[in-house]
Number of protein chains: 2
Amino acid sequence: MEAERRRAEALDAADPLTALRGRFLLPDGVVYLDGNSLGALPAHVPAVLDDVVRRQWGTDLIASWEAGGWWTAPERAGAKVARLVGAHPDEVVVTDSTSVDLFKVLAAGARLRPGRARLVVEPGSFPTDLYVAAAVADLLGLQLDRVAPADLAAHLAAHGGDVAVVAYSHVDYRTGELLDLPGLTALAHRAGALSCWDLSHSAGALPVGLAEHGVDLAVGCGYKYLNGGPGAPAYLVVARRHHGALTNPLPGWTGHARPFAMEGSYEPAAAVSRMRSGTPPVLSLLALDAALDVLQDVDLAALRARSLSLTGLLVELVGAHVPSLRVVTPRDPARRGSQVSLAHPQAQRVVRDLAARGVVGDFREPDVVRLGVAAPYVTHADVVTTVERLREVAP
Amino acid sequence: MEAERRRAEALDAADPLTALRGRFLLPDGVVYLDGNSLGALPAHVPAVLDDVVRRQWGTDLIASWEAGGWWTAPERAGAKVARLVGAHPDEVVVTDSTSVDLFKVLAAGARLRPGRARLVVEPGSFPTDLYVAAAVADLLGLQLDRVAPADLAAHLAAHGGDVAVVAYSHVDYRTGELLDLPGLTALAHRAGALSCWDLSHSAGALPVGLAEHGVDLAVGCGYKYLNGGPGAPAYLVVARRHHGALTNPLPGWTGHARPFAMEGSYEPAAAVSRMRSGTPPVLSLLALDAALDVLQDVDLAALRARSLSLTGLLVELVGAHVPSLRVVTPRDPARRGSQVSLAHPQAQRVVRDLAARGVVGDFREPDVVRLGVAAPYVTHADVVTTVERLREVAP
């Protein structure tokens, strides 16, 4: 594939974003296509964390809650996430895990639509989203409707007046399909329901435009395209217009208006800060806070263009050179997230053999080879290498 | 106070646990009496965390979920906590924050006692415990009873058949009073209620004996006497006899029986692992996991004896030399946790002036100078230094 490699190298050379790779530490000789599971390590993070541990914790001790910016880190990191998802800075807070955050926004959202007894989720969602939604429905006495996006309009036509929240994932973790966030949000709104999006597989990879599209609620993961480190805290988003009536179903002292007054009764903090609960895991949180700086000066439209160029090339070359693999991800760029999923009867073996040849993707049940394409550190040349290896392991 | 200093130095010299101080990094010239807010940095943790960041995350990437022991860290750290609180290893899991964990065990506990509509909490609890209990009561339609421990017997005599859970804190965060865990647990059980304890201010400081005393549920903080680092994940405990009927009100994919099968319906993992929710914050979690090793070979009865010797000396010397301060903490060792709280009309100023002289405690509303005594790294000589400084700032 010499011609393809020359073409890829030309594409990389022409794209200023190729230089972003220098902001990450990655092992030599590895093509890392699992950034949608665990984002790569930003080069400046180890030194930041070493300072957090040795000086801020070890030497400055409790003074760091103020002086080290620990106390305000959930809002500070939240504001950085806000830029990536197109929200206002005071609409996002970094806290807990995606599961806990989804629990909180779904329960809070349902209470913003009292009298409506249905919660709509996507049947193919990441499982934890389904478990959490079922738990919220159970606790609040709601009915859980599993409705595919294609059926949402019909479902809302029949039951819309009874739907409190429509909760979907922006990008399907398995197929890589990008849902029509503006259109589905508008559908939910037309029925008077709130719209909630799990952005775990889109934030940091493509523009989301939450405020522009009037999204009410969102959550997302800190450790995929945000590169916050393993199990990095998640974030949740609540649109400003809901802050006044917003209650946290899991209120803790860090979400209190005056946390250090240690008052026996709960009075919520301003804006989205009231959605904080307990003390945040500071080491993980500050790694994420630092990691978010990697993308703060990056134009998201340009990043999206690079991502589509990379995934488009991968789809094209697999189609041309690896007939054993079926492309699961939509070929239409408007419906494609930042990954390429390939079906193969021996997908698990293919992933293992790929890894042995230095190309790291992952396997998803039942038959999917999942290749995440993080545009900040994956190159067009990496795509060609990947296809060469795929030809070897899945001829 | 030369005689007192010689006596203190003799006590330190005679106690083999004095050597534990070498396991921590603390700034020179500082007497650190805030380990009940943020435990000191164990000396081996920075190198552990550097390896986690640079090698496990940066180089080994997703392989570390298995090879780095990330996946099993909540149970591994949980087993270490279990030793400190006298639980069985499969009864404890490290997950989320204390607030979220309390939410989970209270809601799960109430469901283990269906038909009982009351939740008993302590009026003077750490505020977050009250907020969370109120939220659980609200969600489950329970009545929240604020009952002081001294009134529990009478309350249960009147309403015991309707009480699902009695939730208390083992040590009062403000006064340092140690509650009678065995007696209050027995009272709850006699009424058919479950017993739940917040161990944030006792675990790691004194033997707790959860299994011995038949405690049903517990939670606690990882960043105080467990030295897990700022905002370290918390832990929750559920006694084995409840595992069969136990449901997680906040179920997530990491608590599923087969998490990587990505099944649409939830089937709980074995034992207490089902109480896990989302992906854990690995950096913070592994810092705690490493920090817990500091206490694994320490005899807890000996640690408790040292703690009482330290707090006893502090109470004695304050009483003898600093008349402006009123000792709030019980003088009876059997009712004393591992801190000494001193009331002063200008408590906040006293704490500030103390810190300026190298003695770090903290202020708690309305008038409490709170001095945490972490026996592994506080010495009897430190106690004498503290009293000397108190005489200067609160004559």
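Just so we're on the same page: letters track the sequence lines, and every chain starts at 1.
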Notebook entry, point to check: Shortest non-hydrogen contact from B:Val53 to A:Leu41?
Noted result: O-CD2, 3.6 Å

Note to self: Report which part of B:Arg55 has an atom under 4.5 Å of a heavy atom belonging to chain A: side chain, backbone, both, or neither.
What the structure shows: neither

Next item on the list: Name the option with the most non-hydrogen atom pairs under 4.5 Å to chain A; the candidates are B:Ala261, B:Ala234, B:Gly58.
Entry: B:Gly58

Notebook entry, point to check: Between A:Leu61, A:Thr98, A:Leu25, which shows the greatest number of heavy-atom pairs under 4.5 Å with chain B?
Noted result: A:Leu61

Item checked: Interchain contact, A:Pro46 with chain B, by part (heavy-atom threshold 4.5 Å) -> both

Item checked: Residues from residues 132-139 of chain B approaching chain A under 4.5 Å (heavy atoms) -> B:Val132, B:Ala135, B:Asp138, B:Leu139

Item checked: Minimum heavy-atom distance between A:Thr279 and B:Ser97, given as atom pair plus value -> O-CB, 3.9 Å

Next item on the list: Report, as yes or no, whether the 6.0 Å neighbourhood of atom CD on B:Glu66 holds more than 12 heavy atoms from other residues, nucleotides or ligands.
Entry: no

Next item on the list: Drop me the distance from A:Arg54's CZ to B:Leu49's CG, to the nearest 0.5 angstrom.
Entry: 10.0 Å

Checklist line | Most contacts with chain B, counted as non-hydrogen pairs under 4.5 angstrom, among A:Phe363, A:Trp65, A:Trp57, A:Tyr223 | finding: A:Trp57

Next item on the list: Identify which of A:Ile62, A:Leu130, A:Val30 forms the greatest number of heavy-atom pairs closer than 4.5 Å to chain B.
Entry: A:Ile62

Check: Hey, what do you get for CZ (A:Phe126) to CE (B:Met262), rounding to the nearest 0.5 Å?
Finding: 4.5 Å

Item checked: chain B interface, residue from A:Ser265, A:Ser277, A:Cys221 that has the most non-hydrogen pairs under 4.5 Å -> A:Ser265

Checklist line | Max heavy-atom pair count under 4.5 Å with chain A, selected residue of B:Pro251, B:Ala43, B:Ser99 | finding: B:Pro251

Note to self: Only pairs of heavy atoms separated by less than 4.5 Å count here; which of A:Leu250, A:Asp28, A:Val100, A:Thr59 has the most with chain B?
What the structure shows: A:Leu250

Check: Which heavy-atom pair separates A:Pro249 from B:Phe103 by the least distance, and what is that distance?
Finding: O-CE1, 3.7 Å

Next item on the list: Using heavy atoms and a sub-4.5 Å threshold, report which of residues 31-40 of chain B line up against chain A, by residue number.
Entry: B:Tyr32, B:Asp34, B:Ser37, B:Leu38, B:Gly39, B:Ala40

Next item on the list: Please report the shortest heavy-atom distance between A:Gly252 and B:Thr128, naming the atom on each side.
Entry: CA-OG1, 3.1 Å

Item checked: Choice from A:Pro230, A:Pro127, A:Gly231 maximising heavy atom contacts with chain B below 4.5 Å -> A:Pro230

Check: Which atoms of A:Arg111 come close to chain B, meaning under 4.5 Å heavy atom to heavy atom: side chain ones, backbone ones, both, or neither?
Finding: side chain

Check: Looking at A:Trp253 versus B:Tyr131, is the centre-to-centre ring distance below 6.0 Å?
Finding: no

Check: Hey, which of B:Gly228, B:Pro123, B:Gly278, B:Ala355 has the most heavy atom pairs under 4.5 Å with chain A?
Finding: B:Gly278

